[in-house]
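Excluded from the calculations below are hydrogen atoms, water molecules and symmetry mates; all remaining heavy atoms, backbone and side chain alike, are included. First listed ligand is number 1; within each ligand, the first listed atom is number 1. Since the structure is predicted, the reported quantities are computational estimates derived from the model, not experimental observations.
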Amino acid sequence: MLRTLGIETSCDETAVAVLDRDGRIELNLLSSQVAAHAPFGGVVPELASREHLKALPILVERALGAGSAAPELVAVTAGPGLIGALLVGLRFAAAFAWARSLPLAPVDHLEGHLVSPLLDLGGAPARPEPARSLALVASGGHSSWYLLDAGERRRLGRTRDDAAGESFDKVAQVLGLAYPGGPVLDRLARGGDAEAVPLPRPRIREAPFDFSFSGLKSAAIRWIREHRLAGAGEGSPAVADVAAAFEEAVVDLLLAPLDELAARHRPQLVTAAGGVAANTLLRRRLQDWGATHGVEVLLAAPALTTDNAAMIARAGQLAWRAGGARDPRRLDARAREAWQPPGVARAALPQPV
Ligand code: KG4
Ligand code: ZN
């Protein structure tokens, strides 16, 4: 493996990290744009690009100043994400790699989330991927179960409409809570009574491994309006009850396919990643499931659940090992999902100048 500088700018976090050759996290820097987007109740793409442009050079300079040695590989998120935001990171990374004659590994953002549970914030090397694992990625943009089988990735189920994090954010917004809503609902849910608010768990009959969160979200919003809780804010106990009930329903839906998937695929490991994997109830329920079924459960460290560059650097290291480094001049960003497992894209590296 190579010492790696990771760069992530796919959404509203500018992130830069340095991993050593064993995948140890030496540095994991983050500049959050939450305050810039908060007045709009969601991420404003153009604003995100501009904020990345400001923060990225500062973070990279700090990373280079703090690092014990120069990077040997640059890894950058190529998609999916906001196209303008991605282009800022991608062009920066390509120019940086080109100027230093370093190989550049374009990384699929989801591949980053998938490897994030194998990273350690306490200074240990990255864990090798087991032969077969089941992985949940639940974030603001994605909610899917994957089978990771000897380096192959297969999506087994996905959301048909909203992502889990998106539905948390929307319900929180209707309740008048701060953005992003997931962490706020998590905190309030600890003091709420989930039984007090009846909410459905809609499933898709012909696709038992897929999710749908929009029916649940609409039912929650209807209940909030009928009980005059729209815009109520944090103070009321009824808001805590909604938080607890909604959280429980989302976690039920996310974990509904797990028994059947585990029976079919017999994983050695079950992992969870993405912003929603920071959720207290989801973590507890997954740990309990692992203890009951005798399967190891590995949850991404809370600080590595949301977007970060350490996971991008690690995915870049694995892609490089599999021959997936690219010519920086030919690199492009893509806004939409287009699965690129590590090592598929092979191209001649530029000769050192
Ligand atoms: O992975 P992430 O940073 O960005 C995407 O790639 O989308 O995930 C952000 C999402 C937001 O929707 C946020 O509300 C949600 O993750 N989230 C949570 C929690 N922490 C973050 N949702 C539920 N409980 C949490 N503790
Ligand atoms: Zn993400």
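Residue contact check for ligand 1: Thr305 places a non-hydrogen atom closer than 4.0 Å to it. Distances from ligand 1 to the non-hydrogen atoms of His109 include at least one value under 4.0 Å. The shell of residues lying under 4.0 angstrom from ligand 1, judged by heavy atoms, excludes Arg187.
Interface atoms of ligand 1 facing Asp169, defined by a heavy-atom separation under 4.0 Å, are 11 (C), 12 (O), 13 (C), 14 (O). Near Gly165, meaning under 4.0 Å from any of its heavy atoms, are these atoms of ligand 1: 12 (O). For ligand 1 and Gly141, the ligand atoms under 4.0 Å from any heavy atom of the residue are 7 (O). Every atom of ligand 1 with a heavy atom of Gly182 under 4.0 Å away is listed here by number and element: 14 (O), 18 (C), 19 (C), 22 (N), 23 (C), 24 (N), 25 (C). Taking a cut-off of under 4.0 Å to the non-hydrogen atoms of His113, the atoms of ligand 1 that pass are 1 (O), 6 (O). Remark: ligand 1 atoms within the under-4.0 Å shell around heavy atoms of Thr306 are 1 (O), 3 (O).
Remark: His52 pairs with no residue by the ring pair (Phe, Tyr, Trp, His ring centres under 6.0 Å) rule, at least two apart or across chains. Every residue two or more places apart in sequence or in another chain that forms a side chain to side chain contact (heavy atoms under 4.5 Å, CB included) with Ala196 is listed here: Asp193, Asp241.
Note on ring orientation: taking the six-membered ring where Trp is involved, the planes of His109 and His113 are perpendicular (angle over 60°, cut-offs 30° and 60°).
Heavy atoms of other residues, nucleotides or ligands lying less than 6.0 angstrom from CZ of Arg201 number more than 12. With a 6.0 Å radius and a threshold of 12 heavy atoms from other residues, nucleotides or ligands, Glu61 has its CD atom at or below the threshold.
Residue contacts with ligand 1 for Asn279 involve both N, CA, C or O and side-chain atoms from C-beta outward (heavy atoms, distance under 4.0 Å).
For atom 4 (O) of ligand 1, the nearest non-hydrogen atom from the set Asp307, Asn308, Val251 belongs to Asp307. The heavy atom nearest to atom 7 (O) of ligand 1, out of those in Ala277, Ser10, Gly140, Cys11, is found in Gly140.
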Worked check of side-chain contact (heavy atoms from CB on, under 4.5 Å) between Val137 and Leu110:
CA-CA 8 Å; Val137 177; Leu110 288 164; 3.9 Å; yes
Can you check side-chain contact (heavy atoms from CB on, under 4.5 Å) on Arg283 and Leu281, steps first, answer last?
CA-CA 5 Å; Arg283 295 178 83 84; Leu281 182 66; over 6 Å; no
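Considering both main-chain and side-chain atoms, Phe168 never comes within under 3.5 Å of ligand 1 through any nitrogen or oxygen pair.
Hydrophobic clustering, with ILVMFWY side chains joined whenever heavy atoms are under 4.5 angstrom apart, groups Phe246 together with Leu254.
Protein heavy atom closest to atom 21 (C) of ligand 1, with residue, atom name and distance, is Gly275 O, 3.3 Å. Atom 26 (N) of ligand 1 has its closest protein heavy atom at Asp186 OD2, 2.8 Å.
Salt-bridge annotation for Glu46 and Arg50: present, with a side-chain N of the basic residue lying under 4.0 Å from a carboxylate O of the acidic one. Between Asp20 and Arg3, none of the side-chain N atoms (NZ, or NE/NH1/NH2) sits under 4.0 Å from a carboxylate O, so this pair counts as no salt bridge.
Around the Zn ion (ligand 2), protein N, O or S atoms at less than 2.8 Å number 3.
Note that CZ of Phe96 is 5.5 Å distant from CG of Leu5, once rounded to the nearest 0.5 Å.
Its side chain outside the 4.5 Å cluster rule for every partner, Val34 clusters with none of the Ile, Leu, Val, Met, Phe, Trp and Tyr residues.
Put simply, the residue from Val270, Leu282, Leu258 that forms a side-chain contact (heavy atoms from CB on, under 4.5 Å) with Leu136 is Leu282.
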